[in-house]
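Working notes, beginning with the structure itself.
Everything numeric here is computed off the predicted structure, so don't read it as measured data. In what follows, every heavy atom counts, from backbone to side chain, and hydrogens, waters and symmetry copies are set aside. Protein chains get the first letters and strands the later ones, always in sequence-line order, with residue 1 at the start of each.
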Amino acid sequence: MKKLNIAISSLTHAHVRKYYQTLTENTRLNWVAVSCSDKEVKENFLHFGHDIPCFDSLEEMLEKHKEIEAVIVASENKKHFGEFKTCIEYGKHILSMKIPTFDMTEYDELITLVDKNNIICQVELELHYNPCIRRVKELIANNIIGDIISFNATNITLSPVWAFPWQGVPELSYGEKVVLKKGNPRFRGGALSDHPHIFDLVRWISNDDYNYIYSEVCNNIRKDIEVEDCLFVTGKMKKGLAFMLDPSWSRMEERIKRPGPGWEVFPKRMEVNFTIIGTNGLIQADAFGPNIYHSGGPNNRYTVQYTYFDEWVGLMDEFYDAVKRHVQPKINLKWHRCTIEAMNKCYESIALEKPVYF
Amino acid sequence: MNYKEMMVSKIKELFVKYDIGNIEALSFKNFPNNILITVAGKTYDFFSDFSVNKYDEKGCQNNKINIPILCWRHERKYIEMKNALKNGTVKNPVGMRVKSIHNNNVNMKDILLKEIDIAEWILDDCIISAYANANNDNSYFNVILSTKKNIKISLEIGKAQIKEAIILHEIIAEKGILSDIPVDTQINHYPIYVFQDNFVETYNDIDFELYGMQYKDVAKLRFILCFYQNNFAEKEINKTYKRHCLVIDSIFQSEQNNKKVYIESN
């Protein structure tokens, strides 16, 4: 089996540490190099002790290692467009972080460039490879709870801003500085920009697309960030399915520079949970259970310890197959466009204080 | 002694023990939804079927005053949630998540009124706007409410073909999170579980004086006792109830017009 030569660019995205593990453990991948222009981020990477060359720029890395076939673009959201174009120029396939760009003009240009240049481009929506969510989808498809009336989901976490400061900078997170609404001192780019999964899953599980969306934003629990941290979203899909989504950063964190034990204040730092109401019953699901529980650690706080995340196994298998067979993966730019559009319309609804139609 | 007789006996015991006065008449309508009690010639009709009964704006009619039983204000968990905010353990709430999904036998307006009151009472705040959508027969609603202090409340509220209700109240604050569901669980917690061959039985005995009464009825009787002990705050209760009815009307209006609705005067 021929390995896929793969690299990571920028190293500034919150999920990038997961790729250090994945690229090391996955026998189908040959981890060639990384690129990173930020000195502090580079030092963090070196701290992990991986024997992988680290270049100052994506271009330098691609010049020096022409054997690279694919790049995981792990930069700040704002920089994805530029890095995509660089990868495409060099003929490299792309695994994109969950927000390719919020700018829909840029987004459509990326779709065109990828298509025109025969580039395989997958978007990192790892929950498509989560076994609990797979089961939920099957239960619904098998009509276990009848017709679905409402799909309610949370993707609530602590805020990553202290470990990944760019996520608190509107220009880097959202792509530009857009005020949340008139008279409000905050800008787009916070929790909503960080949490696309449930906007994606309601489409995937219901096999439908958005009709309208409505959202209201809470006052921040963090007074020292200029982006939103808590909000609620509701609306309906085209075939009438209602939804309620909570993509907040409503779990407080210990503000440490390097994420690790002790960064939780609330015992459970992250959840993706569902309440799906049907005509013949109801499903409650926790995508990340079951867990273990401990105190001790740096702060002696009672903490939920997650036991296993294998989503990246399925995700990378799909990417590998897509590149080797030269077939676009299921979770591609075109699929994901509607989700990004929904998130943008969510921001619009907050500004206008009314439902926004698709 | 059957359950109704037990309830009559418990009410009389409480009234004697706490020196409320002599019960001249005690009866029920649509047991146990309405409890009518006459003391010192004054009759109160304590009701919990909110979709049927209206507040009694004009005061005494036929020598009877309707009082809505806002009994959840006497459930320990909600009392403690309110205390946690009141004493500053959890401070400056910004949002509240509510899940209240019941079996098909429950009336929609009963659930709405309960959750609206729980939210306002625990948060010590007033709802000023509502945005809602619902399914075709209005048996399930998703609602976003906003309060005077700009606290946002999400309600997932309605009915489903389920045996046991799914309940969650979670308050998100600048300092702390407050919830009636334990972390990392998805179902209600009980003090006792009895595991047997084909089923699990749960018990939820929370009141020693009213031991043997069902959980909901314990709260009802505690509400009634408190009402008599606290000099009959009937005006305040009815004012609150009237405002809640306006919030419910606004929710239905919002759902119909797909617009955010501001509640008329508080």
To the nearest 0.5 Å, how far apart are [atom1] in [X] and [atom2] in [Y]?
X	Y	atom1	atom2	value
Gln161(B)	Asn280(A)	CD	CG	5.0 Å
Lys152(B)	Cys230(A)	NZ	SG	12.5 Å
Asn219(A)	Asn150(B)	CG	CG	4.5 Å

Among [options], which residue has the highest count of heavy-atom pairs closer than 4.5 Å to chain A?
options	value
Lys149(B), Lys259(B), Lys159(B), Met96(B)	Met96(B)
Ser139(B), Gly95(B), Ala173(B)	Ala173(B)
Tyr131(B), Tyr140(B), Phe141(B)	Tyr131(B)

So, do [X] and [Y] sit near enough that their side-chain heavy atoms are less than 4.5 Å apart?
X	Y	result
Asp184(B)	Glu271(A)	no
Lys260(B)	Glu216(A)	yes
Lys99(B)	Asn152(A)	no
Gln186(B)	Asp286(A)	yes
Leu155(B)	Phe232(A)	no

Assess whether side-chain hydrogen bond (donor to acceptor under 3.5 Å, both in side chains) is satisfied between Ser150(A) and Asn135(B), documenting all intermediate values.
CA-CA 8 Å; Ser150(A) 191; Asn135(B) 66 337; over 6 Å; no
Stepwise side chain to side chain contact (heavy atoms under 4.5 Å, CB included) check, Asn258(B) with Tyr357(A):
CA-CA 11 Å; Asn258(B) 198 15; Tyr357(A) 283 79; 2.6 Å; yes
Which atoms of [X] approach chain A - backbone, side chain, both or neither, heavy atom under 4.5 Å:
X	answer
Lys163(B)	neither
Ile166(B)	side chain
Ile144(B)	both
Ala134(B)	backbone

Applying side-chain hydrogen bond (donor to acceptor under 3.5 Å, both in side chains), run through Thr234(A) and Asn133(B) and close with a yes or a no.
CA-CA 8 Å; Thr234(A) 187; Asn133(B) 58 56; 2.9 Å; yes
Donor-acceptor side-chain pairing of Asn142(B) and Tyr214(A) below 3.5 angstrom
no
So which part of Ile277(A) gets closer than 4.5 Å to some heavy atom of chain B, the side chain, the backbone, both or neither?
side chain
Name the region of Met252(A), side chain, backbone, both or neither, that has any atom closer than 4.5 Å to a heavy atom of chain B.
side chain
Any salt bridge between Arg251(A) and Glu170(B), counting N to O under 4.0 Å?
yes
